[in-house]
J.: 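Just passing along the structure, written as structure tokens.
What you see is a predicted model; the values in this text were computed from it and never measured. Each ligand, and each atom within it, is numbered from 1 in the order the structure gives.
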Amino acid sequence: MRQWNAWGHEGEDFPATEQAQTYLREHLGPAQALPDATLQQALAAVPASRLQARQGWSIDPELRLRHARGQSLPDWLALRSGHLQHYPDAVAQPSSREEVRALLDAARQLQVTVIPYGGGTSVVGHINPLPGDRPVLTLSLQRMNRLLSLDPVAQIAHFGAGTPGPEVEAQLRQHGFLLGHFPQSYELSTVGGWVASRSSGQQSMRYGRIEQLFAGGHVETLSGSWDIPALPASSAGPDLREMLLGSEGRFGVITDVALRVSRLPEQERFHVAFVPDAARALACVRELVQQRTPLSMLRLSLPEETRAHLILAGHARAVAWLERYLRLRGIGAGKCMLTFGLTGSRAEVATLRARLRRVLAAHGGVDTGSMLGQRWQAVRFRSPYLRESLWRLGYAVDTLETAVDWSRLPQTVEAIETSLRQGLADEGERVLAFSHLSHMYGEGSSIYTTYFYRCADSYERTQARWQKLKKRASEAIVAHAATISHQHGVGIDHAPYLQAEKGVAGLRAIHALCQHFDPQGLLNPGKLLELDQDHQGA
Ligand SMILES: Cc1cc2nc3c(=O)[nH]c(=O)nc-3n(C[C@H](O)[C@H](O)[C@H](O)COP(=O)(O)OP(=O)(O)OC[C@H]3O[C@@H](n4cnc5c(N)ncnc54)[C@H](O)[C@@H]3O)c2cc1C
């Protein structure tokens with residue numbers, strides 16, 4: 001059963017090691033956990049629905065509570081406190097295109113806001129009901145969760161839009177294929193959500209971001225049905241797939257998605273290497289990417305994150321041994337950890353490893369083999385559970401991400417981390433922040449920053465701390481002309497910063513598209529564009 005007020009499934013845990021607890025105490029000071037509301041208390045706060053129960057949707061309070069928030073830190077604080085403020089009035093769980101169509105027709109007739117809902121793993125407020133006079137219907141695709149067809153010759157698979165990551169891979173595996181889209185939220189996020197939020201998986205280097213995997217699909221809009229055919233390529237005007245990607249539920253409900261799949265690889269290994277300092281590590285990964293080295297994953301933890309990872313891993317003796325070995329190889333305090341994926345035939349993997357070792361050696365780096373890589377692989381989808389363990393100790397943790405070109409990357413990382421570290425100085429509070437690069441391109445890279453702070457003495461003040469930090473970090477991102485999001489999307493949290501990237505003309509074009517598909521503004525208003533931009537025509 002999925003947890004109602006935390007990440008993932010009940011009974012799953014990722015305990016904070018003794019070393020992790022000491023590390024946080026040393027950096028942030030001792031902390032006090034805030035009291036959590038019980039499910040009963042949270043249910044007591046759910047107001048009466050403004051919709052009548054009817055065939056096709058439910059007004060059950062628990063179902064409404066469970067679909068009221070995503071997984072951002074403010075969502076987390078709302079759920080843990082039991083004060084969510086806004087709830088969907090009803091939740092529909094259709095199981096076919098026809099049922100989706102009927103729900104949209106009913107929504108238009110009754111003037112109901114519709115929020116398409118995939119796995120509810122958004123971290124930017126995508127699926128949260130906002131205040132307003134119209135009742136809200138959350139339309140969950142979770143019953144449309146199957147492989148619909150597979151063309152093994154063209155390597156195109158059609159899935160119901162509500163299919164979550166593990167189901168996608170399990171169903172393809174039976175036929176000898178895989179998709180290879182592994183966002184960290186893989187356990188719960190869905191095919192439709194990936195397309196609608198332009199998501200990126202950990203092995204996008206080999207398999208591509210969702211933009212490359214998404215071949216076409218079917219959408220039910222308020223202006224009718226919309227089919228996007230899966231073609232190998234086309235120069236027949238603008239690409240309509242691109243229009244749908246990142247539309248965040250504003251244009252319609254994606255009911256099924258055609259995806260480009262690959263044959264299962266013969267071999268896959270994850271290795272960890274260390275490079276003496278950030279400058280050499282950046283030069284090393286740039287060389288690998290710009291030479292188009294066919295790795296399936298490349299992740300560079302900057303020095304502070306490398307230090308934190310080695311401490312948080314919890315195997316103090318093994319880490320001490322590793323660090324002694326690295327020192328002998330000239331790799332000391334400022335080192336960076338590089339995690340990389342080698343995927344392909346046995347021969348390809350062997351060739352790749354040899355090439356990688358040559359590039360690493362040229363930058364003073366050392367490949368330590370697959371032991372730490374296996375550890376990364378074992379916890380690659382489990383680390384989100386750590387948030388709960390830290391919460392119980394009184395610490396809040398959040399992440400943010402962007403992308404920028406190589407020449408501005410070091411200053412951008414510095415500006416983001418500094419904005420966070422100094423973000424609560426007026427309260428005398430410290431913030432721990434560190435970053436890695438996880439998606440690299442010829443011209444630049446994504447930056448992914450994790451930060452921790454102590455909970456304040458109330459939910460309101462803990463939320464106010466987050467707001468301060470998020471604002472400062474977002475302003476630092478915009479000031480460096482980096483994107484406001486490389487992979488999480490816009491939702492409500494990033495909407496105020498979208499104009500800096502798209503410009504006024506760009507926002508007007510997005511607004512015009514929303515109007516075209518949804519003239520009455522019923523579909524997920526206030527997401528992607530702010531509510532007042534929606535009203536004023538951007
Ligand atoms: C712990 C954690 C780790 C994460 N890691 C990553 C990561 O590595 N990479 C990454 O890209 N993201 C990551 N995310 C963010 C999130 O998982 C992605 O944005 C994901 O793509 C959302 O998918 P979902 O199915 O949960 O969509 P939801 O959260 O349900 O919805 C997201 C948006 O898509 C719309 N939508 C969903 N389904 C449909 C549909 N069928 N038709 C029309 N619109 C729809 C919704 O209206 C909403 O606007 C992470 C989130 C968490 C909590």
Side-chain angles (χ1 to χ4, degrees), residues 2 6-8 14 67 69-73 75-76 88 94 97 100 104 113-129 138-145 159-165 167-168 181-204 209-211 214 217-221 226 244-257 297 299 380-388 397-401 438-439 446 448 450 485-495 517-518 523-528:
R2 195 164 159 177
W7 172 256
F14 194 115
H67 289 82
R69 289 297 189 126
Q71 293 289 329
S72 69
L73 186 56
D75 292 340
W76 175 276
R97 273 186 199 180
V100 171
L104 290 182
T113 290
V114 178
I115 303 181
Y117 183 105
T121 67
S122 162
V123 281
V124 289
H126 279 126
I127 49 94
N128 300 0
T138 292
L139 194 157
S140 163
L141 278 298
Q142 73 162 24
R143 290 203 176 130
M144 297 173 70
N145 59 358
F159 277 96
T163 316
E167 274 301 308
V168 170
H181 190 68
F182 301 114
Q184 199 188 34
S185 57
Y186 164 82
E187 193 179 344
L188 298 173
S189 59
T190 64
V191 167
W194 298 338
V195 172
S197 63
R198 271 197 116 97
S199 126
S200 194
Q202 291 163 346
Q203 286 173 265
S204 66
R209 287 167 61 95
I210 198 68
E211 290 100 295
F214 172 53
H218 182 87
V219 190
E220 290 297 337
T221 81
W226 178 20
L244 186 65
L245 281 158
S247 56
E248 304 196 349
R250 296 295 310 258
F251 298 169
V253 180
I254 306 165
T255 59
D256 47 78
V257 177
M297 192 193 83
R299 172 175 165 152
R380 67 191 285 194
F381 305 123
R382 292 188 41 76
S383 37
Y385 288 96
L386 184 59
R387 180 183 260 186
E388 180 152 8
V397 54
D398 196 19
T399 61
L400 49 88
E401 39 80 52
S438 52
H439 300 268
S446 71
Y448 191 92
T450 307
S485 178
H486 167 268
Q487 63 204 51
H488 289 162
V490 180
I492 45 179
D493 296 340
H494 293 153
F517 287 109
D518 173 22
L523 273 164
N524 214 7
K527 319 297 166 55
L528 187 58

J.: If we only consider heavy atoms of I115, is any one of them less than 4.0 Å away from an atom in ligand 1?
T.: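 No, I115 has no heavy atom closer than 4.0 Å to ligand 1.
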J.: Is any N or O atom of V253, backbone or side chain, closer than 3.5 Å to an N or O atom of ligand 1?
T.: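 No, there is no polar N/O contact under 3.5 Å.
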J.: What part of N524, side chain, backbone, both or neither, has a heavy atom within less than 4.0 angstrom of ligand 1?
T.: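 Under 4.0 Å from ligand 1, N524 contributes side-chain atoms alone.
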J.: Test your reading of the structure: does P116 have an N or O sitting under 3.5 Å from an N or O of ligand 1?
T.: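 Indeed, backbone or side chain, P116 has an N or O that close.
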J.: In terms of ring plane angle, is the pair W226 and F251 parallel, tilted or perpendicular, where the classes change at 30° and 60°?
T.: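 The arrangement is tilted - the two ring planes meet at 30° to 60°.
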J.: Counting heavy atoms only, which part of T190 comes closer than 4.0 Å to ligand 1: side chain, backbone, both or neither?
T.: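 Within the 4.0 Å criterion, T190 contacts ligand 1 through backbone and side-chain atoms alike.
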J.: Determine, for F182 and R380, whether the Lys NZ or Arg CZ falls below 6.0 Å from the six-membered ring centre while staying within 45 degrees of the axis.
T.: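 Yes, R380 sits over the ring of F182.
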J.: At under 4.0 Å between heavy atoms, which part of S189 makes contact with ligand 1: side chain, backbone, both or neither?
T.: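 Both backbone and side chain.
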J.: Heavy-atom contacts with H488 under 4.0 Å: which atoms of ligand 1 show up? List them by number with element.
T.: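 In order of numbering, the contacting atoms are 12 (N), 13 (C), 14 (N), 15 (C).
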J.: Show me which atoms of ligand 1 lie under 4.0 Å from any heavy atom of L141.
T.: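 Contacts of ligand 1 toward L141, numbered from 1: 41 (N).
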J.: Before signing off on this row, confirm whether R198 and ligand 1 have an N or O atom pair separated by under 3.5 Å.
T.: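 In fact, backbone or side chain, R198 has no N or O that close.
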J.: Would G119 count as being in polar contact with ligand 1, using the rule that some N or O on each side must be under 3.5 angstrom apart?
T.: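 Min N/O separation from ligand 1 is below 3.5 Å for G119.
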J.: Is S200 near ligand 1, meaning one of its heavy atoms is under 4.0 Å from it?
T.: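 Judged by the 4.0 Å heavy-atom criterion, S200 does count as contacting ligand 1.
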J.: Report yes if Y117 has an N/O atom closer than 3.5 Å to an N/O atom of ligand 1; otherwise report no.
T.: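 No - when backbone and side-chain N and O of Y117 are compared with those of ligand 1, no distance drops under 3.5 Å.
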J.: Applying a 4.0 Å heavy-atom criterion (strictly less than), which segment of A161 is in contact with ligand 1: side chain, backbone, both, or neither?
T.: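 The part of A161 near ligand 1 is the side chain, not the backbone.
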J.: Using atom types as modelled and distance alone, determine if a side-chain donor or acceptor of T190 lies under 3.5 Å from a backbone N or O of G193.
T.: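 Yes; judged by distance alone, with no hydrogens or angles, the pair exists.
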J.: With backbone taken as N, CA, C and O and side chain as the heavy atoms from C-beta onward, which portion of I127 lies under 4.0 Å from ligand 1: side chain, backbone, both, or neither?
T.: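 For I127, only side-chain atoms sit under 4.0 Å from ligand 1.
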J.: Once you round to the nearest 0.5 Å, how far does CD of E220 lie from CZ of R97?
T.: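 CZ of R97 is found 7.0 Å from CD of E220.
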J.: Could you tell me whether the side chain of T255 and the main chain of H218 form a donor-acceptor pair under 3.5 Å?
T.: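 Between the backbone of H218 and the side chain of T255 there is a qualifying donor-acceptor contact (under 3.5 Å).
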J.: Any side chain to side chain donor-acceptor pair (under 3.5 Å) pairs touching residues 115-128, not counting sequence neighbours?
T.: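 The answer is D75-N128, S122-H126, H126-E248.
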J.: When you measure from the heavy atoms of G120 to every atom of ligand 1, does any distance fall below 4.0 Å?
T.: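 Yes, G120 has a heavy atom closer than 4.0 Å to ligand 1.
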J.: Hey, does the Lys NZ or Arg CZ of R387 hover above the aromatic six-ring of W76, less than 6.0 Å from the centre and inside 45° of the axis?
T.: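 Satisfied, under 6.0 Å and within 45°.
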J.: Which of the atoms of ligand 1 are close to G193, meaning less than 4.0 Å from one of its heavy atoms?
T.: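 Counting from 1, the qualifying ligand atoms are 21 (O), 23 (O), 24 (P), 25 (O), 27 (O), 37 (C), 38 (N).
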J.: Please say whether Q487 places an N or O atom under 3.5 Å from an N or O atom belonging to ligand 1.
T.: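 The answer is yes, given that Q487 and ligand 1 share an N or O pair closer than 3.5 Å.
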